[in-house]
Number of protein chains: 2
Amino acid sequence: MSTGVPEGYDPHAFPPFAVTVDLAVFTVRDAALHVLLVERGQDPFRGRWALPGGFVLPRESADEAARRELAEETGLGPDAVGSLHLEQLRTYTDPDRDPRMRVVSVAYAALLPDLPEPRGGGDAASARWWDARATGPLAFDHDRILADARDRIGAKLEYTCLATEFCPPEFTLGELQQVYETVWGVELDRPNFRRKVLGAPGFVQPVDGPPRRTGGRGKPAALHRAGGATTLHPPLLRPQPTDTPHSRPEGRTP
Amino acid sequence: MSTGVPEGYDPHAFPPFAVTVDLAVFTVRDAALHVLLVERGQDPFRGRWALPGGFVLPRESADEAARRELAEETGLGPDAVGSLHLEQLRTYTDPDRDPRMRVVSVAYAALLPDLPEPRGGGDAASARWWDARATGPLAFDHDRILADARDRIGAKLEYTCLATEFCPPEFTLGELQQVYETVWGVELDRPNFRRKVLGAPGFVQPVDGPPRRTGGRGKPAALHRAGGATTLHPPLLRPQPTDTPHSRPEGRTP
DNA sequence: ATAATAGTGTCTCTGAGACATTATACG
DNA sequence: CGTATAATGTCTCAGAGACACTATTAT
């Protein structure tokens with residue numbers, strides 16, 4: 001804030017930037033991570049799919065712009081949008097990321113439970129869920145934003161209670177495990193998963209009544225709600241794909 | 001990118017934003033975390049201290065702007081600045097964060113070893129290191145940016161090899177431990193710290209020759225260099241202030 | 001009965017924390 | 001000598017992984 005081009009802070013002496021938000025909206029559906037994309041109706045990248053987003057208005061913060069856009073794209077009410085998890089990822093500032101003009105974009109990640117009809121009624125006439133692993137090349141630098149968003153979500157599942165954001169208000173531990181397995185792309189041992197989830201204070205609460213719900217033709221599962229905690233102690237670490245699991249020649253030299 | 005204000009993308013139809021970078025430059029000096037601040041010479045916040053920073057130029061990315069500003073403020077050469085750790089934190093977009101105009105700021109954190117004369121020769125005539133715990137109220141929203149930067153650095157020490165960025169090219173394990181203790185504000189058990197650092201593959205490498213260095217009047221310590229790894233496996237978790245059933249940080253019972 | 005999912009119990013190994021002990025410098 | 005710092009070793013417990021086993025539903 002001390003150096004730069006506009007010496008006298010003349011409001012018209014600085015280079016004009018546009019500021020947008022881009023949203024990576026995720027849900028878990030059919031045991032696969034899905035992301036909400038919109039089809040572009042005009043150049044550049046006409047016909048390509050892109051992350052939903054839009055301009056930040058003069059009197060709103062980027063967070064407010066993100067929630068506004070999210071409401072427009074998903075058709076959710078302002079109350080629902082206000083309560084769901086929205087997280088700033090990072091800001092993309094490559095001078096050539098938009099061929100028309102200088103645009104910096106603040107990227108956000110949002111997590112939704114699998115909704116009955118999530119496609120909204122805004123101006124995004126052609127919005128749909130895509131398998132997050134199988135999106136074609138997206139417009140602008142959205143491939144990179146999407147990849148960064150996936151990495152961030154996966155990492156945050158380890159040490160936060162974020163996974164419950166993918167679930168409906170009441171859920172089974174099997175559904176919660178499905179979230180982890182889907183985002184991480186691994187299979188987890190159910191008894192161990194149970195032990196860790198129930199052992200983390202404030203992660204989940206058993207629903208008091210004895211009601212249960214069936215997921216198919218097995219034993220009905222007890223229902224849980226999200227607990228009050230936001231961070232996970234101890235963390236739920238994902239299994240490490242790096243080479244040998246527990247024998248390391250590097251270490252003590254005799 | 002699909003909705004918003006400028007329907008036809010007229011380059012003059014969108015609200016004008018200025019984009020700046022703000023830098024939280026940290027070093028460890030005298031067993032305390034220090035941050036580089038500059039004194040503002042003009043309103044608003046004249047005479048208040050602020051994080052260094054400046055405008056993003058029309059043809060550079062925010063990362064490039066951050067490195068350019070860092071070189072100006074510290075007086076380091078472009079090669080030195082190009083090699084040190086610079087990390088985007090998040091972007092601050094409150095519409096009223098700058099009383100003059102609409103400015104969004106991309107915040108960065110940088111880590112430096114304790115340099116002989118770190119104060120640079122740019123236009124920041126009055127730049128100096130401050131104890132990061134004892135900065136007065138800063139200009140703009142820089143108190144919040146600084147707090148966020150401290151949190152991020154502390155968290156990243158747990159699962160990355162970032163701590164070596166605070167050290168000179170060759171360092172002792174005692175100096176590395178000092179970094180952790182200073183950033184986290186806790187005392188660590190030296191034998192356990194040693195075991196974990198040496199057990200993490202690629203974190204540090206012993207310097208081949210038998211040269212040693214003294215820190216005062218004790219036994220000289222072996223020198224190490226940063227290893228090739230960037231992430232820490234297993235992580236070096238900071239002791240939890242939340243009382244756990246079995247471990248007590250303040251456990252000196254006679 | 002068989003399949004499928006939910007839930008419990010147990011064993012072992014790793015890593016963290018606490019702490020004792022030895023080694024090598026300085027005064 | 002004592003003191004200060006570096007380095008090694010040892011003990012114990014918590015948590016993770018692997019896996020056997022039981023429980024309850026649908027077909």
Side-chain angles (χ1 to χ4, degrees), chain A residues 31 158-159 171-178 180-181 184 186-201 203-204 206-207 210-224 232-241 244-248 250-254, chain B residues 31 158-159 171-178 180-181 186-201 203-204 206-207 210-224 232-254:
Chain A
E158 291 192 338
Y159 56 95
F171 52 87
T172 70
L173 293 189
E175 293 168 344
L176 188 65
Q177 181 175 349
Q178 189 65 247
Y180 277 90
E181 293 180 331
W184 287 348
V186 298
E187 288 203 351
L188 301 176
D189 181 81
R190 184 135 33 96
N192 293 336
F193 181 81
R194 244 187 112 73
R195 193 209 317 144
K196 287 191 265 191
V197 168
L198 295 178
F203 190 13
V204 297
V207 166
R212 311 181 156 231
R213 193 172 75 181
T214 173
R217 58 186 173 284
K219 175 180 176 179
L223 289 178
H224 295 260
L232 215 47
H233 290 294
L236 228 158
L237 301 175
R238 81 183 102 181
Q240 311 208 21
T244 54
H246 65 85
S247 85
R248 192 43 98 142
E250 192 80 11
R252 304 281 152 68
T253 41
Chain B
E158 291 192 340
Y159 57 95
F171 52 87
T172 70
L173 294 189
E175 293 167 346
L176 188 66
Q177 182 176 346
Q178 189 65 247
Y180 277 91
E181 293 180 331
V186 297
E187 288 204 351
L188 302 175
D189 181 82
R190 185 132 37 91
N192 293 336
F193 180 81
R194 246 186 108 74
R195 192 209 316 146
K196 287 191 264 190
V197 168
L198 296 178
F203 190 13
V204 297
V207 166
R212 306 173 162 236
R213 193 172 74 179
T214 173
R217 56 187 174 283
K219 174 179 175 179
L223 289 177
H224 295 260
L232 215 46
H233 291 296
L236 227 159
L237 301 175
R238 81 183 101 180
Q240 311 206 20
T242 60
D243 48 2
T244 48
H246 181 259
S247 73
R248 268 302 193 81
E250 293 283 339
R252 201 65 59 87
T253 36

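The shown structure was predicted, so the numbers you read here are calculated from the model rather than taken from an experiment.
- Comparing dT24(D), dT8(D), dA18(D) by their nearest atom to the side chain of R195(A) picks out dA18(D).
- Between F193(B) atom CZ and dA6(D) atom C1' the separation is 14 Å, expressed in whole Å.
- Closest approach of L237(A) and W184(A) over heavy atoms only: C-CH2, 4.0 Å.
- What separates CD of E158(A) from C1' of dA16(D) is a distance of 13 Å, to the nearest Å.
- Nearest to the side-chain atoms of P220(B) among the listed nucleotides dT24(C), dA4(C), dG17(C) stands dT24(C).
- Comparing atom distances between the R190(B) side chain and each of dG17(C), dG7(C), dA6(D) picks out dA6(D) as nearest.
- For P191(A), the listed nucleotide lying nearest its side chain is dT8(C); candidates were dA18(C), dT8(C), dA18(D).
- Of the listed nucleotides (dA6(C), dA16(C), dA16(D)), dA16(D) has the atom at the smallest distance from the side chain of K196(A).
- Rounded to a whole Å, the CZ atom of R194(B) is 15 Å from the P atom of dA23(C).
- Looking at every heavy atom in both residues, H224(B) comes nearest to V204(B) through ND1-CG2, 3.9 Å.
- Relative to the side chain of R217(A), the nucleotides dA6(C), dG15(D), dT27(D) differ in distance, and dT27(D) lies closest.
- Remark: Q178(B) engages A31(B), E181(B), T182(B) in a side-chain contact (heavy atoms from CB on, under 4.5 Å) (not counting sequence neighbours).
- Summarising the geometry of L236(A) relative to F203(A), their closest heavy-atom pair is CD1-CE2, 4.3 Å, with the distance given to 0.1 Å.
- Atom-to-atom, CD of E175(B) to P of dT5(D) comes out at 13 Å; the value is rounded to the nearest Å.
- Taking five base pairs at each end of the helix from dA1(C)-dT27(D) to dG27(C)-dC1(D), the local helix axes there meet at an angle of 0°, rounded to 10°.
- Checked against dA20(D), dT10(C), dT5(D), the side chain of K219(B) finds its nearest nucleotide in dT5(D).
- Toward the 5′ end of DNA chain C lies the nearest nucleotide of P234(B), the other residue of the pair P234(B) and D189(B) mapping further downstream.
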